[in-house]
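Note that these values count all heavy atoms, side chains included, but never hydrogens, waters or copies made by symmetry.
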Amino acid sequence: FGVKGNRTPQLLKRLQKDEIQDKLSSADLVILTIGGNDIMKVVKDNISNLQLSVFDKEREEYINNLYQIMNTIIRVNPDAYIVLVGVYNPFSQWFSDIKELDQIVSDYNVASQRVVANYQNAYFVGIEDLFKNPEESLLHTDNFHPNNKGYELIAERLNETLEERTLPDLVKKAYMVSKEEN
């Protein structure tokens, strides 16, 4: 159900749709990739006067939206596992001298981790390190979204988290359900 360009307000609205709620209600696992476009909106809206204070204000709105997203998913399906994939700095390759961008991305990831930590069946997957000083380009020609190699690295990191944390719980859950049925 991912939509290119969506930010947390759009995802919140889409989570109210019957089709999405139907799928959520029976999902074992929900993987979210959200936040990068929230940061980009701040950049676009303030390109001529970028200040950290603007990002701080918008990050608070992002945090509030993320809590609402998590609560909506759990309200629809309290048993679902939720994995939130972090954000990365797509500008580090071109603007490595602007350290504030790395700090902004890091602040959003820390905020996301803090939100996720409040939910028992939720996990955060950090990926920002994958995009810092890569040996080869990891971005698509739009210089914002990952290319195939970038998505491959994200998938590997995601799989590590799933294998270590989520999948064992899902297997245990499936075993308990089948045991109860017998």
Side-chain angles (χ1 to χ4, degrees), residues 1-46 50-92 100-132 144-146 150-151 154-155 157-162 164-166 169-170:
F1 290 102
V3 174
K4 183 178 175 181
N6 263 191
R7 298 181 329 273
T8 52
Q10 285 92 11
L11 177 56
L12 264 171
K13 188 178 280 186
R14 290 180 55 239
L15 285 174
Q16 304 310 313
K17 292 184 176 185
D18 290 341
E19 178 188 13
I20 292 178
Q21 290 210 355
D22 286 346
K23 293 293 184 182
L24 278 177
S25 68
S26 62
D28 291 319
L29 175 66
V30 177
I31 300 172
L32 298 172
T33 58
I34 196 79
N37 291 314
D38 291 70
I39 296 171
M40 265 311 285
K41 182 181 184 312
V42 180
V43 172
K44 287 178 182 176
D45 290 352
N46 299 278
L50 282 178
Q51 295 181 9
L52 288 176
S53 60
V54 177
F55 285 95
D56 291 343
K57 179 180 176 279
E58 292 296 326
R59 188 179 64 245
E60 291 305 314
E61 184 176 326
Y62 166 77
I63 291 167
N64 182 49
N65 289 339
L66 190 55
Y67 271 115
Q68 289 182 57
I69 289 165
M70 299 290 285
N71 290 336
T72 299
I73 294 169
I74 289 169
R75 187 173 54 253
V76 173
N77 184 346
D79 297 323
Y81 287 83
I82 304 169
V83 177
L84 175 63
V85 178
V87 294
Y88 59 91
N89 179 1
F91 307 113
S92 61
E100 290 85 358
L101 290 171
D102 285 333
Q103 185 61 49
I104 290 162
V105 169
S106 179
D107 290 347
Y108 268 72
N109 281 325
V110 168
S112 296
Q113 288 172 314
R114 288 183 178 148
V115 170
V116 167
N118 289 285
Y119 300 89
Q120 183 178 359
N121 291 341
Y123 303 96
F124 178 84
V125 177
I127 61 166
E128 75 181 284
D129 62 305
L130 300 174
F131 290 82
K132 286 185 181 176
F144 183 72
H145 294 93
Y151 278 122
I154 293 170
R157 181 69 58 84
L158 180 60
N159 282 336
E160 289 171 12
T161 299
L162 293 177
E164 290 172 12
R165 304 173 89 184
T166 309
D169 288 343
L170 286 172

Any side-chain heavy-atom pair from [X] and [Y] closer than 4.5 angstrom?
{"X": "Pro9", "Y": "Asp38", "result": "yes"}
{"X": "Phe144", "Y": "Asn37", "result": "yes"}
{"X": "Ile82", "Y": "Ile74", "result": "yes"}
{"X": "Arg157", "Y": "Asp129", "result": "yes"}
{"X": "Lys4", "Y": "His145", "result": "yes"}
{"X": "Phe124", "Y": "Thr161", "result": "no"}
{"X": "Ile39", "Y": "Tyr108", "result": "yes"}
{"X": "Leu66", "Y": "Leu84", "result": "yes"}

In a table with atom names and distances, give each donor-acceptor pair under 3.5 Å that connects a side chain of residues 17-26 to protein atoms at least two apart or in another chain.
residue : atom : partner : partner atom : Å
Gln21   : NE2  : Leu15   : O            : 3.0
Ser25   : OG   : Asp22   : O            : 2.7
Ser26   : OG   : Lys23   : O            : 3.4

task = Determine, stepwise, if the pair Leu162 / Leu29 fulfils side chain to side chain contact (heavy atoms under 4.5 Å, CB included).
result = CA-CA 10 Å; Leu162 293 177; Leu29 175 66; 3.8 Å; yes
ask   = In terms of the angle between their ring planes, are Tyr81 and Tyr123 parallel, tilted or perpendicular, with boundaries placed at 30° and 60°?
value =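 Answer is parallel, since the angle falls under 30°.
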Shortest non-hydrogen contact between Tyr62 and Ser112, atoms and distance =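 Residues Tyr62 and Ser112, closest heavy atoms: OH-OG, 2.7 Å.
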inquiry  = So which atom in Ala80 and which in Ala27 form the shortest heavy-atom distance, rounded to 0.1 Å?
reply    =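 Shortest heavy-atom separation between Ala80 and Ala27 comes out as CB-O, 3.7 Å.
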Between atom [atom1] of [X] and atom [atom2] of [Y], what is the distance when rounded to the nearest 0.5 Å?
{"X": "Glu128", "Y": "Asn89", "atom1": "CD", "atom2": "CG", "answer": "8.5 Å"}
{"X": "Ile127", "Y": "Ile154", "atom1": "CD1", "atom2": "CD1", "answer": "4.0 Å"}
{"X": "Gln120", "Y": "Asn118", "atom1": "CD", "atom2": "CG", "answer": "12.0 Å"}
{"X": "Tyr67", "Y": "Tyr119", "atom1": "OH", "atom2": "OH", "answer": "6.0 Å"}
{"X": "Gln68", "Y": "Thr8", "atom1": "CD", "atom2": "OG1", "answer": "9.0 Å"}

Give a yes or no on whether the backbone of [Y] and the side-chain of [X] come within a donor-acceptor separation of less than 3.5 Å.
{"X": "Arg14", "Y": "Asn6", "answer": "no"}
{"X": "Gln16", "Y": "Lys13", "answer": "no"}
{"X": "Asn77", "Y": "Ile73", "answer": "no"}

request  = Using the side chain to side chain contact (heavy atoms under 4.5 Å, CB included) rule, take Val3 and Gln10 through it: C-alpha gap first, then chi angles, then the decisive distance, then the call.
outcome  = CA-CA 9 Å; Val3 174; Gln10 285 92 11; over 6 Å; no
ask   = More than 12 non-hydrogen atoms from neighbouring residues, nucleotides or ligands closer than 6.0 Å to CZ on Arg114, yes or no?
value =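 Counting other residues, nucleotides and ligands, CZ of Arg114 stays at 12 neighbours or fewer.
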Note: Asp56-Arg59 ion pair, threshold 4.0 Å (strictly below) =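 Arg59 and Asp56: salt-bridged.
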query = Under 3.5 Å, is there a donor-acceptor pair between the Gln113 and Asn109 side chains?
reply =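 Side chains of Gln113 and Asn109: no pair found under 3.5 Å.
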